[in-house]
Amino acid sequence: MNGAKSLLQDLDDAIARGTDESRARALWHATDILITGRYSDDEISMFGEVIGRLADEIEVAARAQLSEVMSACDHAPLNVIERLALDDEIAVAGPVLRDSNRIDEKMLVQSAMTKGQAHLLAISQRQSIGEAVTDVLVKRGNQEVVTSVAKNEGARFSGSGLLHMVRRAEGDSILAEQLGLRKDVPRHIFQQLIAKASEDVRRRLETERPEMMSQIQSSVTEVTGDLQSKFGPSSRSYFVAKRVVTTQYRQGNLNQDSISNYARQHRFDEVQIGLSLLSALPVDVIERALMDRNREMILVLCKALDFSWDTTMSLLFLGAKDHLITARELQDNEREYGRLKIETSRSILKFYQSRKTGAGADAGRQPELQVH
(Lines give C-alpha, C1' and ligand atoms only; values in the text may rest on other atoms or scores of the structure.)
Protein backbone atom coordinates (compact mmCIF):
# COMPACT_ATOMS: atom_id res chain seq x y z
CA MET A 1 0.00 0.00 0.00
CA ASN A 2 2.75 2.44 0.91
CA GLY A 3 4.67 1.61 -2.30
CA ALA A 4 1.61 2.25 -4.45
CA LYS A 5 0.85 5.44 -2.55
CA SER A 6 4.39 6.72 -3.06
CA LEU A 7 4.27 5.90 -6.77
CA LEU A 8 0.95 7.65 -7.20
CA GLN A 9 2.27 10.71 -5.36
CA ASP A 10 5.20 10.89 -7.81
CA LEU A 11 2.75 10.63 -10.72
CA ASP A 12 0.59 13.34 -9.19
CA ASP A 13 3.61 15.63 -8.94
CA ALA A 14 4.44 14.92 -12.58
CA ILE A 15 0.93 15.94 -13.58
CA ALA A 16 1.22 19.23 -11.73
CA ARG A 17 4.46 20.37 -13.31
CA GLY A 18 4.78 18.30 -16.49
CA THR A 19 4.20 18.95 -20.18
CA ASP A 20 1.46 17.41 -22.29
CA GLU A 21 3.95 14.79 -23.47
CA SER A 22 5.07 13.92 -19.94
CA ARG A 23 1.45 13.70 -18.75
CA ALA A 24 0.65 11.26 -21.56
CA ARG A 25 3.67 9.14 -20.55
CA ALA A 26 2.52 9.27 -16.93
CA LEU A 27 -0.99 8.13 -17.96
CA TRP A 28 0.24 5.03 -19.77
CA HIS A 29 2.74 4.30 -17.02
CA ALA A 30 0.00 4.42 -14.37
CA THR A 31 -2.30 2.35 -16.57
CA ASP A 32 0.34 -0.32 -17.17
CA ILE A 33 1.11 -0.55 -13.47
CA LEU A 34 -2.58 -0.84 -12.61
CA ILE A 35 -3.25 -3.57 -15.18
CA THR A 36 -0.25 -5.72 -14.30
CA GLY A 37 -0.46 -5.40 -10.51
CA ARG A 38 -2.77 -6.65 -7.78
CA TYR A 39 -4.19 -3.90 -5.60
CA SER A 40 -6.77 -3.33 -2.90
CA ASP A 41 -9.97 -1.42 -3.58
CA ASP A 42 -8.51 1.66 -1.92
CA GLU A 43 -5.41 1.50 -4.09
CA ILE A 44 -7.51 1.03 -7.24
CA SER A 45 -9.50 4.09 -6.22
CA MET A 46 -6.25 6.06 -5.87
CA PHE A 47 -5.17 4.94 -9.33
CA GLY A 48 -8.56 6.07 -10.57
CA GLU A 49 -8.02 9.58 -9.25
CA VAL A 50 -4.69 9.89 -11.01
CA ILE A 51 -5.76 8.27 -14.29
CA GLY A 52 -8.96 10.34 -14.26
CA ARG A 53 -7.02 13.58 -13.91
CA LEU A 54 -4.66 12.57 -16.72
CA ALA A 55 -7.54 11.50 -18.97
CA ASP A 56 -9.05 14.98 -18.73
CA GLU A 57 -5.86 16.38 -20.30
CA ILE A 58 -5.57 14.11 -23.37
CA GLU A 59 -7.04 14.17 -26.85
CA VAL A 60 -9.97 12.07 -28.11
CA ALA A 61 -7.73 9.49 -29.79
CA ALA A 62 -5.80 8.90 -26.58
CA ARG A 63 -9.03 8.67 -24.54
CA ALA A 64 -10.35 6.13 -27.03
CA GLN A 65 -7.17 4.10 -26.58
CA LEU A 66 -7.55 4.34 -22.79
CA SER A 67 -11.14 3.14 -23.13
CA GLU A 68 -10.01 0.07 -25.08
CA VAL A 69 -7.52 -0.78 -22.33
CA MET A 70 -9.93 -0.12 -19.45
CA SER A 71 -12.77 -2.08 -21.07
CA ALA A 72 -10.70 -5.27 -20.79
CA CYS A 73 -9.48 -4.61 -17.23
CA ASP A 74 -11.38 -6.56 -14.57
CA HIS A 75 -10.33 -4.12 -11.85
CA ALA A 76 -10.53 -0.83 -13.73
CA PRO A 77 -11.30 2.13 -11.41
CA LEU A 78 -15.04 2.78 -11.39
CA ASN A 79 -14.69 6.54 -11.66
CA VAL A 80 -12.61 6.14 -14.83
CA ILE A 81 -15.11 3.71 -16.33
CA GLU A 82 -17.94 6.14 -15.61
CA ARG A 83 -16.10 9.07 -17.21
CA LEU A 84 -15.38 7.04 -20.32
CA ALA A 85 -18.90 5.57 -20.57
CA LEU A 86 -20.51 9.01 -20.41
CA ASP A 87 -18.10 10.62 -22.88
CA ASP A 88 -19.95 12.28 -25.76
CA GLU A 89 -17.48 10.80 -28.25
CA ILE A 90 -18.59 7.29 -29.22
CA ALA A 91 -14.98 6.34 -30.01
CA VAL A 92 -14.30 6.89 -26.30
CA ALA A 93 -17.52 5.59 -24.78
CA GLY A 94 -18.05 2.66 -27.15
CA PRO A 95 -15.47 0.17 -25.85
CA VAL A 96 -16.55 0.33 -22.21
CA LEU A 97 -20.25 0.41 -23.10
CA ARG A 98 -19.83 -2.74 -25.17
CA ASP A 99 -17.30 -4.74 -23.19
CA SER A 100 -16.53 -3.55 -19.66
CA ASN A 101 -17.75 -5.80 -16.86
CA ARG A 102 -17.07 -2.96 -14.41
CA ILE A 103 -19.87 -0.78 -15.73
CA ASP A 104 -23.06 -1.19 -13.71
CA GLU A 105 -26.69 -1.10 -14.80
CA LYS A 106 -27.19 2.41 -13.43
CA MET A 107 -24.41 3.76 -15.68
CA LEU A 108 -25.81 1.92 -18.70
CA VAL A 109 -29.30 3.31 -18.09
CA GLN A 110 -27.91 6.83 -17.66
CA SER A 111 -25.99 6.57 -20.93
CA ALA A 112 -28.99 5.06 -22.74
CA MET A 113 -31.26 7.82 -21.44
CA THR A 114 -29.00 10.74 -22.30
CA LYS A 115 -26.73 9.85 -25.22
CA GLY A 116 -27.23 9.35 -28.94
CA GLN A 117 -28.02 6.34 -31.09
CA ALA A 118 -24.38 5.28 -31.47
CA HIS A 119 -24.09 4.91 -27.69
CA LEU A 120 -27.35 2.92 -27.59
CA LEU A 121 -26.06 0.66 -30.35
CA ALA A 122 -22.87 -0.04 -28.38
CA ILE A 123 -24.92 -0.97 -25.30
CA SER A 124 -27.16 -3.24 -27.39
CA GLN A 125 -24.07 -5.28 -28.31
CA ARG A 126 -23.08 -6.14 -24.73
CA GLN A 127 -22.72 -9.81 -23.86
CA SER A 128 -25.42 -9.45 -21.20
CA ILE A 129 -28.10 -6.77 -20.84
CA GLY A 130 -30.65 -6.52 -18.02
CA GLU A 131 -34.32 -5.66 -18.34
CA ALA A 132 -33.98 -2.09 -17.04
CA VAL A 133 -31.50 -1.33 -19.83
CA THR A 134 -33.42 -3.04 -22.65
CA ASP A 135 -36.56 -1.14 -21.59
CA VAL A 136 -34.74 2.08 -22.48
CA LEU A 137 -33.16 0.68 -25.65
CA VAL A 138 -36.48 -0.45 -27.16
CA LYS A 139 -38.13 2.89 -26.42
CA ARG A 140 -35.32 5.28 -27.43
CA GLY A 141 -33.41 3.20 -29.95
CA ASN A 142 -33.70 3.56 -33.71
CA GLN A 143 -34.31 0.64 -36.06
CA GLU A 144 -30.65 -0.44 -35.99
CA VAL A 145 -30.58 -0.43 -32.19
CA VAL A 146 -33.79 -2.41 -31.65
CA THR A 147 -32.81 -4.94 -34.30
CA SER A 148 -29.42 -5.34 -32.65
CA VAL A 149 -30.90 -5.91 -29.20
CA ALA A 150 -33.46 -8.36 -30.65
CA LYS A 151 -30.55 -10.40 -32.09
CA ASN A 152 -28.65 -10.33 -28.79
CA GLU A 153 -29.21 -13.65 -27.01
CA GLY A 154 -27.79 -12.17 -23.81
CA ALA A 155 -30.45 -9.44 -23.66
CA ARG A 156 -33.30 -9.90 -21.19
CA PHE A 157 -36.68 -8.24 -21.76
CA SER A 158 -39.45 -7.27 -19.38
CA GLY A 159 -43.05 -8.01 -20.37
CA SER A 160 -43.65 -4.37 -21.26
CA GLY A 161 -40.38 -4.29 -23.21
CA LEU A 162 -41.46 -7.26 -25.34
CA LEU A 163 -44.87 -5.70 -25.99
CA HIS A 164 -43.14 -2.50 -27.08
CA MET A 165 -40.94 -4.55 -29.43
CA VAL A 166 -44.03 -6.21 -30.93
CA ARG A 167 -45.51 -2.78 -31.64
CA ARG A 168 -42.27 -1.62 -33.23
CA ALA A 169 -42.12 -4.78 -35.34
CA GLU A 170 -45.31 -3.83 -37.18
CA GLY A 171 -44.23 -3.04 -40.73
CA ASP A 172 -40.61 -3.99 -39.93
CA SER A 173 -40.10 -7.51 -41.27
CA ILE A 174 -36.47 -7.72 -40.16
CA LEU A 175 -37.28 -6.85 -36.55
CA ALA A 176 -40.36 -9.10 -36.55
CA GLU A 177 -38.32 -12.07 -37.72
CA GLN A 178 -35.47 -11.46 -35.26
CA LEU A 179 -37.93 -11.12 -32.39
CA GLY A 180 -39.78 -14.26 -33.46
CA LEU A 181 -36.53 -16.23 -33.48
CA ARG A 182 -35.78 -15.47 -29.83
CA LYS A 183 -36.16 -18.56 -27.64
CA ASP A 184 -37.22 -16.52 -24.60
CA VAL A 185 -40.30 -14.97 -26.23
CA PRO A 186 -43.35 -16.47 -24.46
CA ARG A 187 -46.18 -17.97 -26.45
CA HIS A 188 -48.67 -15.12 -25.95
CA ILE A 189 -46.11 -12.58 -27.21
CA PHE A 190 -45.29 -14.82 -30.18
CA GLN A 191 -49.01 -14.98 -30.97
CA GLN A 192 -49.26 -11.21 -31.04
CA LEU A 193 -46.17 -10.99 -33.24
CA ILE A 194 -47.54 -13.53 -35.72
CA ALA A 195 -50.92 -11.80 -35.79
CA LYS A 196 -49.26 -8.57 -36.97
CA ALA A 197 -46.49 -10.04 -39.15
CA SER A 198 -46.41 -10.08 -42.94
CA GLU A 199 -47.11 -13.35 -44.76
CA ASP A 200 -43.40 -13.68 -45.68
CA VAL A 201 -42.31 -13.34 -42.06
CA ARG A 202 -45.01 -15.76 -40.93
CA ARG A 203 -43.81 -18.38 -43.43
CA ARG A 204 -40.18 -17.97 -42.37
CA LEU A 205 -41.08 -18.30 -38.71
CA GLU A 206 -43.16 -21.39 -39.48
CA THR A 207 -39.96 -22.89 -40.89
CA GLU A 208 -37.61 -21.61 -38.17
CA ARG A 209 -39.92 -22.06 -35.15
CA PRO A 210 -42.14 -25.07 -35.99
CA GLU A 211 -42.50 -25.98 -32.32
CA MET A 212 -43.92 -22.56 -31.44
CA MET A 213 -46.22 -22.48 -34.45
CA SER A 214 -47.54 -25.95 -33.61
CA GLN A 215 -48.28 -24.82 -30.05
CA ILE A 216 -50.33 -21.93 -31.36
CA GLN A 217 -52.06 -24.14 -33.90
CA SER A 218 -52.85 -26.79 -31.31
CA SER A 219 -54.27 -24.20 -28.91
CA VAL A 220 -56.64 -23.17 -31.67
CA THR A 221 -57.63 -26.53 -33.16
CA GLU A 222 -57.10 -29.36 -30.67
CA VAL A 223 -60.11 -30.59 -28.79
CA THR A 224 -59.64 -33.64 -26.58
CA GLY A 225 -61.98 -36.61 -26.67
CA ASP A 226 -63.30 -36.13 -23.16
CA LEU A 227 -64.36 -32.55 -23.95
CA GLN A 228 -66.12 -33.69 -27.10
CA SER A 229 -67.94 -36.44 -25.24
CA LYS A 230 -68.99 -34.09 -22.45
CA PHE A 231 -69.85 -30.98 -24.41
CA GLY A 232 -69.80 -32.11 -28.04
CA PRO A 233 -72.46 -31.07 -30.54
CA SER A 234 -73.96 -34.57 -30.72
CA SER A 235 -76.39 -34.12 -27.82
CA ARG A 236 -79.99 -33.04 -28.33
CA SER A 237 -79.58 -30.25 -25.74
CA TYR A 238 -76.81 -28.76 -27.84
CA PHE A 239 -79.02 -28.48 -30.92
CA VAL A 240 -81.80 -26.92 -28.89
CA ALA A 241 -79.36 -24.39 -27.44
CA LYS A 242 -77.96 -23.68 -30.90
CA ARG A 243 -81.41 -22.94 -32.33
CA VAL A 244 -82.32 -20.60 -29.45
CA VAL A 245 -79.03 -18.68 -29.37
CA THR A 246 -78.80 -18.40 -33.16
CA THR A 247 -82.31 -16.92 -33.28
CA GLN A 248 -81.34 -14.50 -30.52
CA TYR A 249 -78.24 -13.51 -32.53
CA ARG A 250 -80.20 -12.96 -35.76
CA GLN A 251 -82.64 -10.72 -33.93
CA GLY A 252 -79.76 -8.62 -32.61
CA ASN A 253 -80.37 -9.59 -28.99
CA LEU A 254 -77.18 -11.58 -28.34
CA ASN A 255 -74.76 -9.45 -26.36
CA GLN A 256 -72.52 -9.32 -23.30
CA ASP A 257 -75.47 -9.46 -20.90
CA SER A 258 -76.77 -12.60 -22.60
CA ILE A 259 -73.41 -14.34 -22.31
CA SER A 260 -73.04 -13.27 -18.67
CA ASN A 261 -76.50 -14.58 -17.75
CA TYR A 262 -75.87 -17.90 -19.48
CA ALA A 263 -72.53 -18.26 -17.70
CA ARG A 264 -74.01 -17.56 -14.27
CA GLN A 265 -76.65 -20.23 -14.92
CA HIS A 266 -73.90 -22.68 -15.96
CA ARG A 267 -75.47 -23.09 -19.41
CA PHE A 268 -72.30 -24.16 -21.17
CA ASP A 269 -73.83 -24.91 -24.58
CA GLU A 270 -75.45 -21.49 -24.82
CA VAL A 271 -72.24 -19.77 -23.79
CA GLN A 272 -69.98 -21.53 -26.29
CA ILE A 273 -72.48 -21.08 -29.15
CA GLY A 274 -73.00 -17.40 -28.26
CA LEU A 275 -69.28 -16.67 -28.03
CA SER A 276 -68.76 -18.47 -31.32
CA LEU A 277 -71.30 -16.23 -33.03
CA LEU A 278 -69.93 -13.03 -31.50
CA SER A 279 -66.28 -13.83 -32.21
CA ALA A 280 -66.51 -15.60 -35.60
CA LEU A 281 -64.57 -18.54 -34.16
CA PRO A 282 -65.68 -22.17 -34.40
CA VAL A 283 -67.43 -23.71 -31.41
CA ASP A 284 -64.61 -26.19 -30.79
CA VAL A 285 -62.13 -23.32 -30.37
CA ILE A 286 -64.44 -21.59 -27.88
CA GLU A 287 -64.89 -24.87 -26.02
CA ARG A 288 -61.14 -25.31 -25.77
CA ALA A 289 -60.66 -21.73 -24.55
CA LEU A 290 -63.30 -22.12 -21.83
CA MET A 291 -61.93 -25.41 -20.52
CA ASP A 292 -58.20 -24.88 -20.92
CA ARG A 293 -56.31 -24.57 -17.62
CA ASN A 294 -54.25 -21.87 -19.29
CA ARG A 295 -56.76 -19.00 -19.14
CA GLU A 296 -54.88 -16.95 -21.70
CA MET A 297 -57.20 -17.53 -24.66
CA ILE A 298 -60.46 -16.80 -22.84
CA LEU A 299 -58.94 -13.57 -21.46
CA VAL A 300 -57.88 -12.52 -24.97
CA LEU A 301 -61.33 -13.40 -26.35
CA CYS A 302 -63.15 -11.39 -23.67
CA LYS A 303 -60.84 -8.40 -24.14
CA ALA A 304 -61.35 -8.49 -27.92
CA LEU A 305 -65.12 -8.43 -27.36
CA ASP A 306 -64.65 -5.58 -24.86
CA PHE A 307 -66.36 -7.54 -22.07
CA SER A 308 -66.30 -6.21 -18.53
CA TRP A 309 -64.25 -7.96 -15.87
CA ASP A 310 -67.46 -9.19 -14.20
CA THR A 311 -68.54 -10.97 -17.38
CA THR A 312 -65.04 -12.33 -17.92
CA MET A 313 -64.96 -13.60 -14.36
CA SER A 314 -68.25 -15.46 -14.83
CA LEU A 315 -66.76 -17.23 -17.86
CA LEU A 316 -63.64 -18.16 -15.90
CA PHE A 317 -65.79 -19.73 -13.18
CA LEU A 318 -67.87 -21.56 -15.79
CA GLY A 319 -64.83 -23.29 -17.28
CA ALA A 320 -63.04 -23.98 -13.99
CA LYS A 321 -63.10 -27.43 -12.43
CA ASP A 322 -66.17 -27.67 -10.17
CA HIS A 323 -66.66 -23.95 -10.98
CA LEU A 324 -64.08 -23.04 -8.30
CA ILE A 325 -61.15 -20.63 -8.57
CA THR A 326 -58.75 -19.62 -5.80
CA ALA A 327 -58.62 -15.97 -4.78
CA ARG A 328 -54.94 -15.79 -5.81
CA GLU A 329 -55.65 -17.19 -9.27
CA LEU A 330 -58.56 -14.79 -9.72
CA GLN A 331 -56.37 -11.82 -8.76
CA ASP A 332 -53.67 -12.95 -11.21
CA ASN A 333 -56.25 -13.29 -14.00
CA GLU A 334 -57.71 -9.87 -13.25
CA ARG A 335 -54.26 -8.31 -13.32
CA GLU A 336 -53.46 -10.01 -16.63
CA TYR A 337 -56.82 -8.94 -18.08
CA GLY A 338 -56.10 -5.35 -17.16
CA ARG A 339 -52.79 -5.48 -19.02
CA LEU A 340 -54.32 -6.76 -22.27
CA LYS A 341 -55.01 -4.21 -25.00
CA ILE A 342 -58.23 -4.41 -27.03
CA GLU A 343 -56.56 -3.84 -30.40
CA THR A 344 -53.85 -6.41 -29.72
CA SER A 345 -56.44 -8.97 -28.59
CA ARG A 346 -58.47 -8.38 -31.75
CA SER A 347 -55.35 -8.92 -33.84
CA ILE A 348 -54.82 -12.27 -32.15
CA LEU A 349 -58.45 -13.21 -32.83
CA LYS A 350 -58.07 -12.31 -36.49
CA PHE A 351 -55.08 -14.62 -36.62
CA TYR A 352 -57.14 -17.44 -35.12
CA GLN A 353 -59.93 -16.72 -37.59
CA SER A 354 -57.50 -16.90 -40.52
CA ARG A 355 -56.15 -20.25 -39.33
CA LYS A 356 -59.66 -21.67 -39.14
CA THR A 357 -60.95 -20.46 -42.51
CA GLY A 358 -62.74 -23.32 -44.15
CA ALA A 359 -62.27 -25.56 -41.10
CA GLY A 360 -65.89 -26.73 -41.08
CA ALA A 361 -69.48 -25.93 -41.78
CA ASP A 362 -70.00 -24.10 -38.49
CA ALA A 363 -66.86 -22.04 -39.08
CA GLY A 364 -67.97 -21.12 -42.58
CA ARG A 365 -71.26 -19.69 -41.33
CA GLN A 366 -69.73 -17.49 -38.63
CA PRO A 367 -70.21 -13.73 -38.94
CA GLU A 368 -67.34 -11.26 -38.73
CA LEU A 369 -66.09 -10.29 -35.28
CA GLN A 370 -68.62 -8.05 -33.60
CA VAL A 371 -67.57 -5.12 -31.44
CA HIS A 372 -69.92 -4.13 -28.60
Side-chain angles (χ1 to χ4, degrees), residues 216-323 325 333 337 340 342 345-346 348-372:
I216 295 176
Q217 187 73 349
S218 67
S219 73
V220 176
T221 60
E222 288 180 5
V223 180
T224 58
D226 61 327
L227 289 178
Q228 282 286 9
S229 62
K230 186 175 181 181
F231 299 109
S234 58
S235 65
R236 182 175 182 277
S237 63
Y238 174 86
F239 288 108
V240 172
K242 182 175 182 180
R243 184 170 59 250
V244 171
V245 177
T246 302
T247 300
Q248 189 180 14
Y249 173 78
R250 287 171 179 166
Q251 294 174 348
N253 297 324
L254 184 66
N255 51 39
Q256 178 179 184
D257 290 339
S258 311
I259 299 298
S260 182
N261 288 333
Y262 286 141
R264 289 186 172 91
Q265 296 170 38
H266 295 172
R267 294 168 68 176
F268 193 93
D269 287 340
E270 284 84 350
V271 167
Q272 64 175 342
I273 294 165
L275 288 176
S276 174
L277 288 166
L278 292 176
S279 67
L281 289 176
V283 171
D284 62 345
V285 175
I286 301 299
E287 183 180 61
R288 175 76 179 202
L290 286 167
M291 300 299 295
D292 198 339
R293 291 181 181 177
N294 182 341
R295 316 307 284 163
E296 176 185 299
M297 181 55 192
I298 193 62
L299 293 177
V300 169
L301 175 62
C302 289
K303 181 63 74 168
L305 294 172
D306 200 16
F307 281 179
S308 68
W309 169 244
D310 284 345
T311 300
T312 304
M313 186 167 52
S314 67
L315 293 172
L316 293 173
F317 276 109
L318 177 67
K321 183 179 180 181
D322 299 324
H323 306 304
I325 302 176
N333 285 323
Y337 191 68
L340 288 172
I342 291 178
S345 299
R346 287 175 181 166
I348 296 173
L349 242 62
K350 286 178 182 176
F351 170 67
Y352 287 151
Q353 291 164 346
S354 71
R355 306 302 287 188
K356 294 300 292 183
T357 300
D362 281 348
R365 290 196 298 269
Q366 302 304 324
E368 291 300 313
L369 177 63
Q370 304 296 305
V371 180
H372 298 275

Minimal non-hydrogen separation, Leu299 against Tyr337, with atom names: O-CE1, 3.4 Å

Least distance between heavy atoms, Ala263 atom then Val271 atom: N-CG2, 3.5 Å

Pair Phe268-Ile273, side-chain contact (heavy atoms from CB on, under 4.5 Å): steps then yes or no: CA-CA 9 Å; Phe268 193 93; Ile273 294 165; over 6 Å; no

Passing candidate, side-chain contact (heavy atoms from CB on, under 4.5 Å) with Met297, options Ile286, Asp292, Leu290, Leu349: Leu349

side-chain contact (heavy atoms from CB on, under 4.5 Å) assessment of Met313 paired with Asp310: CA-CA 5 Å; Met313 186 167 52; Asp310 284 345; 3.8 Å; yes

Test applied, side chain to side chain donor-acceptor pair (under 3.5 Å); reference residue, Gln256; option that passes from Thr312, Thr311, Asp306: Thr311

Ser279 side-chain N/O to Leu305 backbone N/O, donor-acceptor pair under 3.5 Å: no

Check against side-chain contact (heavy atoms from CB on, under 4.5 Å), Leu275 and Phe307: CA-CA 11 Å; Leu275 288 176; Phe307 281 179; 3.8 Å; yes

Residue list, side-chain contact (heavy atoms from CB on, under 4.5 Å) with Asn261, at least two apart or on another chain: Gln265

Distance in Å, Cys302 SG paired with Ile342 CD1, rounded so as to fall on 0.5 Å steps: 12.0 Å

Minimum heavy-atom distance between Leu254 and Leu278, given as atom pair plus value: O-CD2, 3.8 Å

Reported CD1-to-CZ distance for the pair Ile298 and Arg288, which is rounded to 0.5 angstrom: 13.0 Å

N/O donor-acceptor pair under 3.5 Å between Arg295 side chain and Asn333 backbone: no

Residue list, side-chain contact (heavy atoms from CB on, under 4.5 Å) with Asp257, at least two apart or on another chain: Asn255

Stepwise side-chain contact (heavy atoms from CB on, under 4.5 Å) check, Arg346 with Val300: CA-CA 8 Å; Arg346 287 175 181 166; Val300 169; over 6 Å; no

Donor-acceptor pair, side chain of Ser276 and main chain of Gln272, under 3.5 angstrom: no

Note, Asp269 side chain near Lys242 side chain (heavy atom, < 4.5 Å): no

